[in-house]
Amino acid sequence: DPGLPLSNVSLDVIVNYPFDGPVSTQITTLKADALGGQISSELIDIDKGRKSNPFLIRLEHIDAGQLAEFRKQEGLTAEGSLDGNLPFDWTDTGLKMTAGKLASRDPGGLIRYLGTASLQQFAATDTATRMAMQILSDFRFKLLHIQADYQPDGQLALKIGIKGSNPGYENGRPIEFNFNIEEN
């Protein structure tokens, strides 16, 4: 179980399992359907004898709604399509990713974030949180970009930027949000 629902997986693999020495695996072609789009890579070369095994995963036409569902963030729905590149490295300490990028396709999309009950309660007393919740309740983005970093210990850092507007907030004036999320 890779943790992500995959279908129509197609790959070509070469495995070298010597009697003495480290195992090496080469995936020369990888294609799979996931989150309404496609994941692919041309070469994933993993040699357990090396400290570093970098490879690139491409994402095309990823459905923002399915990605939001996969993240299981309460009160979040999204529409739109994303493309990106995820530069992974299989190291001697585990899998890591540095500066993975996802960006929205034209014409953009929609984010609706209603938040959890506790966040809604906090927004009732905090002006900045209330404003953010109002804006994100019906945010029509023209541009969404995400940078992701992942460490072998499970630490995930996301830098998210969105540009767009909410037609029901201040006559739909243009808004730009930049925020960071860190989780393990």
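Contact annotation: the side chain of P5 approaches that of F70 to within less than 4.5 Å [non-hydrogen atoms, C-beta and beyond].
Remark: D126 CG to M133 CE distance equals 11.0 Å, nearest 0.5 Å. Distance check, rounded to the nearest 0.5 Å: CD of E182 to CG of L156 gives 9.0 Å. Separating the NZ atom in K48 from the CD1 atom in I46 is a distance of 8.5 Å, to the nearest 0.5 Å. Atom CD1 of I135 sits about 12.0 Å away from atom CD1 of I111, to the nearest 0.5 Å. Taken from CD1 in I160 to CD in Q147, the straight-line distance is 11.0 Å, to the nearest 0.5 Å.
Taking a 6.0 Å sphere around CG of N171, one finds it holds 12 or fewer heavy atoms contributed by other residues, nucleotides or ligands. Residue F179 qualifies as enclosed at atom CZ: its count of foreign heavy atoms under 6.0 Å is above 12.
The heavy-atom pair separating S104 from F141 by the smallest distance is CB-CE1, 3.6 Å. Counting all heavy atoms, side chain and backbone alike, Y113 lies closest to E74 at CE1-O, 3.5 Å.
Cluster membership check: L43 does not share its hydrophobic cluster with V15, using side-chain heavy-atom separations under 4.5 Å among Ile, Leu, Val, Met, Phe, Trp and Tyr. Hydrophobic clustering (side-chain heavy atoms under 4.5 Å, transitive across Ile, Leu, Val, Met, Phe, Trp, Tyr) keeps Y150 apart from L56. The cluster map of Ile, Leu, Val, Met, Phe, Trp and Tyr, joined by side-chain heavy atoms under 4.5 Å apart, puts I57 and L6 in the same cluster. The hydrophobic cluster containing V9 does not contain I14, counting ILVMFWY residues as joined when their side-chain heavy atoms lie under 4.5 angstrom apart, directly or transitively. M131 and L136 fall within the same hydrophobic cluster, where Ile, Leu, Val, Met, Phe, Trp and Tyr residues are linked whenever their side-chain heavy atoms come under 4.5 Å apart, directly or through other members.
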What pairs of donor and acceptor atoms, side-chain ones from residues 22-39 against any protein atom, are under 3.5 angstrom apart with sequence neighbours left out?
residue	atom	partner	partner atom	Å
T28	OG1	D12	O	3.4
D33	OD2	N8	ND2	2.6

Side-chain donor/acceptor pairs under 3.5 Å, residues 80-99, sequence neighbours excluded:
residue	atom	partner	partner atom	Å
D83	OD1	H61	N	2.8
D83	OD1	R105	NE	3.0
D83	OD2	R105	NE	2.7
D83	OD2	R105	NH2	3.1
D89	OD1	S52	OG	3.1
D89	OD1	N53	N	2.6
D89	OD2	S52	OG	2.7
T91	OG1	T93	N	3.1
T91	OG1	T93	OG1	3.0
T91	OG1	G94	N	3.2
T91	OG1	G94	O	2.7

For side chain to side chain contact (heavy atoms under 4.5 Å, CB included), just list the numbers for I44 and L11, CA-CA rounded to whole Å, side-chain angles, deciding distance to a tenth of an Å, and then say yes or no. CA-CA 11 Å; I44 300 173; L11 61 131; over 6 Å; no

Run the side chain to side chain contact (heavy atoms under 4.5 Å, CB included) test on Q134 and N166 for me, step by step, so that the C-alpha distance in whole Å, both residues' side-chain angles and the decisive distance to 0.1 Å come before the verdict. CA-CA 8 Å; Q134 288 171 346; N166 177 332; 5.9 Å; no

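No donor-acceptor distance shorter than 3.5 angstrom exists from the side chain of E176 to the backbone of G161, with no hydrogens or angles considered.
Residue F139 forms a side chain to side chain contact (heavy atoms under 4.5 Å, CB included) with just one option from L144, I175, L110, and that option is I175.
Applying the salt bridge (charged side-chain N to carboxylate O under 4.0 Å, His left out) test to every pair with at least one member in residues 139-161, sequence neighbours left out, gives these pairs: D138-R140.
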